[in-house]
Amino acid sequence: MKDIKELWTSRVLDALENLAEDAEIDSDGFSSRLSVGKPPKSNMGDLSFPLFPFAKDFKQAPPVLAGKVAARLGGEKAGVTIAGPYLNIRIDRVPAISDLLARVESSGDEWGFGTELTGRKVMVEFSSPNTNKPLHLGHLRNDILGESCARIMAARGADVQKVNLVNDRGVHICKSMLAYRKFGENQTPESMGVKSDRFVGDLYVRFSQWAKEDKGAEEEARKMLQDWESGDEEIHELWKTMNGWALSGIESTYKRTGVSFDRIYRESETYLLGKEQVLKGLEAGVFYKDEDGSIRLDMSDIDLDTKVLLRSDGTSVYITQDLGTAINRHDEWPFDQLIYVVGSEQEYHFRVLFYALKKLGYPWADKLRHLSYGMVNLPEGKMKSREGTVVDADDLIDTLSELALAEIREKGREDEVGDASSTAEKIALAALHYFLLQVTPTKDMIFNPEESLSFTGNTGPYLQYMVARVSSLIARASGSVRDAEAKPELLDRDDEWELIRRIAEYPELVSRAADKLDPSILATGLYEIARDFSRYYHEVPIARADDSVLAASRMALARAVLITLRSGFRLLNIPYIEAM
RNA sequence: GGUCGCUUAGCUCAGCUGGAUAGAGCGUUGCCCUCCGGAGGCAAAGGUCGAAGGUUCGAAUCCUUUAGCGAUCACCA
C-alpha cells in the first residue's frame with residue numbers, strides 16, 4: 001500500500017511538473033508542497049491530493065487545475081476523479097488485495113516487521129523499582145511502556161537491550177530495615193504468609209507511622225545509612241536479606257506481567273560512579289568550584305540555573321551517579337540510542353544530565369532520550385503513598401483477574417476455556433496493558449478503577465474476544481472451505497476493501513510507533529481493525545458463505561486479520577488466547 | 001516568580017507532515033440472538049476543539065496574548 005501511495009505521489013508530481021513546463025512555470029518546491037491524504041468517504045477513492053498549494057503558480061483556480069491533472073493522468077479510466085480542488089485516486093483493488101494477502105501469509109508472525117532500525121543498538125532503561133516497597137500502578141505504566149517500545153523497535157530491526165536500574169540503597173531503604181529491627185520480631189514473609197515485597201513495603205509504612213510520633217526516627221535512619229556506607233556487617237546482612245525479599249517479590253510481578261530485562265543494574269553497585277568524571281570536568285574547566293566548596297555546572301547557556309554535581313564534602317548527589325552510569329554503559333555497549341523511561345516529573349533532571357554529558361564532550365550525549373510519561377492519577381486526585389491511595393500492582397491484577405473469572409463462570413464457558421483461572425489472568429493483563437497503552441505516553445491519565453475494569457468497548461478483552469472468535473472461525477472451517485482456493489476478486493465489498501487497507505497500513509503503524517516511541521498508535525490501529533472486522537462478521541457469512549470458493553476467500557481475509565492482531569498483541573504485550 | 005506541559009461530547013480519550021461534514025469507547029435512549037461465539041452489532045441524541053487575536057486559499061493542528069489545571073526549579077533520590 002505504501003508503494004502504491006508513493007507511486008501515485010510521483011505520478012501526480014510528474015503531471016504537475018509537466019503542466020508547469022508547458023506553461024513555462026518554475027516547478028521548484030512542488031514535491032515538498034504535494035501532500036497525500038485520504039478522501040473522507042471511501043466511495044470517493046483511496047488517495048487524495050489537494051491542489052490548493054499550486055493554484056498560485058498556475059494562476060488558476062484549484063478545481064480547474066485538478067481537472068487538467070486528472071486528464072493528464074488518464075481520467076476516470078485510470079481511476080482518477082476530481083472533487084472540487086481535490087484529485088482523488090482509486091486504487092486497482094484486485095492486484096492490491098492479492099498482493100497483500102500473500103504478503104501477510106508469508107510474513108506470518110513477522111508481519112509488520114521492518115528493517116529501518118537494523119544495525120541500531122538501542123538501550124532502554126525502565127521500571128527502576130525501589131527495594132522498599134512493591135510495584136504500584138505507576139510502575140505498571142512505566143513497565144508496559146518500556147517493554148512495548150522495546151518490542152516495537154526490535155520489530156523494526158533494532159538491536160534492543162532492556163535494562164533496569166534497581167534503587168536498592170539510600171536512606172529510604174534504611175527506613176524499612178530500621179522498622180524491621182524495631183517491629184519485625186524476626187518474622188519472615190514465609191512465617192507471615194505474605195508476598196515478600198509486600199512484607200518489606202508494610203515495614204516501610206510502619207516506619208512512617210513511627211516517624212510521625214517520634215522525631216528521632218529520621219535521625220536513626222540517617223545514622224543507619226552512614227553505618228551501611230562504612231560497611232557495618234550486621235547491617236549489610238539485614239540489607240541483603242531484605243533486598244532479597246523485595247526483589248524476589250518484584251521479580252515475580254515482572255514475570256506475571258510478561259516484563260523482562262537483559263541486564264539489571266543495582267544502585268548499590270553504581271552509586272559511586274561519576275565522581276571521577278566530575279573531577280575531570282572540573283580540571284577541564286567545564287565545571288567550576290563554587291565558593292561554598294561544591295562543584296557545580298553552569299547552565300546559563302540553556303537558560304537554567306546552576307546544579308551541584310558534587311557536594312562540598314566531596315560526596316555524590318543523585319545526578320553524579322547518573323553521569324557515571326551513562327558513561328559506563330556507553331563504554332560497555334556503545335549504543336546508538338539510550339532511552340530512559342522515566343516519569344515526566346524528572347524532565348528537569350534529564351535536561352541537566354544530558355547537558356552535563358554534552359559539556360563533558362561526549363559526542364553521544366545527543367543520542368540520549370528521556371521518554372517522559374505522564375502520571376497516573378485517580379479520579380480523586382494524585383496517588384500518594386503517605387495517604388495510602390497508591391494502587392498496588394498485584395492487588396490490581398488480582399482484582400481484574402477475579403472479575404474476569406467471574407465473567408467466564410457467568411457465561412458458563414469454563415469447559416471451553418480450559419484452564420479458567422489462567423485464562424482469567426490473561427484477560428486481566430490484556431485489560432490492564434491495553435488500558436495503559438491506549439493513552440499517548442506523554443500525557444497524564446486518569447485511572448478510574450471501576451471504569452477501567454470494564455471489559456466491553458475499546459478494551460483489551462474486546463480485542464482478545466475478536467481474536468478468539470476469528471481463531472475459532474478458522475479452526476472450525478469445514479474441509480471443503482479449507483481446500484478451496486481463495487480468489488481475491490471475490491472480495492469486492494467496500495467493507496472488505498476497508499479491512500484490507502487497514503491491514504496494509506499496519507506495518508506503517510508499527511514503524512511510526514517505533515519512531516515516536518508511542519505504542520498508543522498501534523493500540524488504536526488494532527482496535528480499528530478488530531472493530532471493522534466485527535462489523536463485517538455480523539454483516540456477512542464467512543465460513544458459511546454460499547460457495548466454498550467465496551468462503552475460502554473471506555477466510556483468507558479473516559486469517560490476515562488474525563495474523564495482524566496477533567502480531568500487534570505481541571508488540572503490546574497483550575496475551576493471546578484462543579478461547580475465552 | 002521562572003521553566004515545561006495539559007485544556008476536544010456528561011466522563012475517559014483519538015485526531016499522522018495545517019486540508020473536504022472534528023472521531024471512538026463509556027454513560028443515556030431505541031432496536032437486533034430459527035444465522036460462523038451477544039465480552040457482539042445497528043441507530044439516535046450529545047461539540048462556538050478553554051478564551052481572544054494573528055498567519056494562511058484553508059487552523060483542533062502553526063504564532064502571540066490570556067485563563068484554569070499540573071509538574072518542576074535541593075549540597076533529596
Side-chain angles (χ1 to χ4, degrees), chain A residues 32 35-41 44 48-50 52-53 55-56 61-62 83-86 88 130 167 169-172 267 271 290 292-296 303-305 307-313 315-319 321-322 343-349 351-352 372 374-375 377 379 382 404 407-408 410-411 413 416 427 435 438-440 442-448 451-452 454-459 461-462 464-466 468-474 476-478 508-509 512 516 520-521 523-524 527-528 531 534-545 551 554-555 558 579-580:
Chain A
S32 63
S35 62
V36 56
K38 199 179 150 185
K41 287 208 169 133
M44 299 169 81
S48 85
F49 296 88
F52 304 99
K56 258 187 197 161
Y86 293 92
N88 291 336
N130 289 332
N167 187 312
R169 64 162 289 281
V171 69
H172 52 299
E267 218 183 281
Y271 82 107
D290 195 76
D292 60 13
S294 60
I295 296 176
R296 289 173 185 253
D303 288 326
L304 292 176
D305 210 348
K307 175 80 186 175
V308 170
L309 301 177
L310 216 50
R311 293 194 186 102
S312 41
D313 64 4
T315 59
S316 300
V317 288
Y318 183 61
I319 199 164
Q321 66 144 332
D322 261 7
S344 58
E345 70 275 8
Q346 296 208 38
E347 267 165 23
Y348 176 78
H349 170 76
R351 276 185 75 188
V352 175
S372 156
M375 307 212 313
N377 295 319
K382 283 186 68 170
E407 188 88 8
I408 291 170
E410 197 182 313
K411 292 184 188 304
R413 294 198 56 83
E416 272 127 307
I427 294 171
F435 186 82
Q438 81 189 130
V439 181
T440 307
T442 50
K443 287 194 181 178
D444 287 356
M445 66 186 288
I446 291 182
F447 182 85
N448 183 327
E451 277 178 27
S452 21
S454 155
F455 293 157
T456 62
N458 185 1
T459 64
Y462 170 86
Q464 280 182 318
Y465 177 68
M466 286 310 143
R469 276 214 305 208
V470 184
S471 298
S472 85
L473 180 71
I474 290 168
R476 290 175 195 186
S478 70
E508 291 168 54
L509 289 183
R512 206 147 56 89
K516 307 244 181 216
S520 76
I521 293 169
T524 304
Y527 172 72
E528 284 167 352
R531 196 236 289 131
S534 187
R535 191 180 295 150
Y536 175 64
Y537 176 92
H538 272 265
E539 195 81 21
V540 304
I542 297 173
R544 295 184 179 180
R554 291 179 176 168
M555 289 292 268
M580 62 188 281

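The figures here come from the full heavy-atom set of this structure, side chains too, leaving out hydrogens, waters and symmetry mates. The sequence lines fix the lettering, A, B, ..., with proteins before strands; numbering per chain opens at 1.
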Which part of the nucleic acid does [X] contact within heavy-atom distance under 4.0 Å: base, sugar-phosphate only, or nothing?
X        : result
A:Ala477 : nothing
A:Ala579 : base
A:Ala55  : nothing
A:Pro40  : base
A:Ile319 : nothing
A:Pro39  : base
A:Val470 : nothing
A:Ile542 : base
A:Glu407 : base
A:Val352 : nothing
A:Glu267 : sugar-phosphate
A:Ile427 : base

Counting only side-chain heavy atoms from C-beta out, which of [options] sits nearest to [X]?
X        : options             : result
A:Tyr465 : B:G41, B:G37, B:C75 : B:G37
A:Asp444 : B:G70, B:C75, B:A20 : B:G70
A:Ser312 : B:C75, B:A20, B:A77 : B:C75
A:Lys516 : B:G40, B:U17, B:G37 : B:U17
A:Asn167 : B:A14, B:A77, B:A71 : B:A77
A:Met445 : B:G40, B:C13, B:C36 : B:C13
A:Glu347 : B:C36, B:C73, B:C4  : B:C4
A:Tyr537 : B:C75, B:U12, B:C36 : B:C36
A:Tyr527 : B:G25, B:G37, B:G40 : B:G25

Taking only side-chain nitrogens and oxygens of [X], does any of them come within less than 4.0 Å of OP1 or OP2 of [N]?
X        : N     : result
A:Thr456 : B:A39 : no
A:Arg311 : B:A77 : yes
A:Tyr318 : B:C75 : no
A:Arg512 : B:U17 : no
A:Lys411 : B:G37 : no
A:Lys443 : B:C6  : no
A:Tyr462 : B:G41 : yes
A:Arg476 : B:G37 : yes
A:Arg535 : B:C42 : yes

For this session: Give the ring-plane orientation class for A:Phe447 versus A:Phe435, where under 30° counts as parallel, over 60° as perpendicular and anything between as tilted.
Result: perpendicular
Exercise. Quick one: does A:Asn458 reach the base of B:A14 with a side-chain donor-acceptor pair under 3.5 Å?
Worked result: no
Exercise. Taking N and O atoms by type only, does the side chain of A:Ser48 place a donor or acceptor under 3.5 Å from a partner on the base of B:A20?
Worked result: yes
Problem set entry | Glycosidic conformation of B:C33, taking syn as within 90° of 0 and anti otherwise | syn
Exercise. If you measure from the C1' atom in B:C26 to the same atom in B:A71, how many Å do you get, rounded?
Worked result: 29 Å
Close N or O pairs between protein and nucleotides 57-65 of chain B (under 3.5 Å):
{"from": "B:C57", "atom 1": "OP1", "to": "A:Lys56", "atom 2": "NZ", "distance (Å)": "2.8"}

Problem set entry | Whichever of A:Val171 and A:Gln438 has its nearest RNA chain B nucleotide further upstream toward 5' | A:Gln438
Exercise. Between A:Ser344 and A:Arg351, which has a closest nucleotide on RNA chain B that is more 5'?
Worked result: A:Arg351
Problem set entry | Output field: ring centroids A:Tyr86/A:Phe52 closer than 6.0 Å | yes
Problem set entry | Cationic N near anionic O, under 4.0 Å, A:Lys411 to A:Glu407 | yes
Exercise. Is A:Tyr86 stacked on the base of B:A20, with ring centres under 5.5 Å apart and planes under 30° apart?
Worked result: yes
Exercise. Judged by modelled atom types alone, do A:Thr315 and A:Arg311 share a side-chain donor-acceptor pair under 3.5 Å?
Worked result: yes
Exercise. For residues A:Ser372 and A:Glu347, is any side-chain donor paired with an opposing acceptor at under 3.5 Å?
Worked result: yes
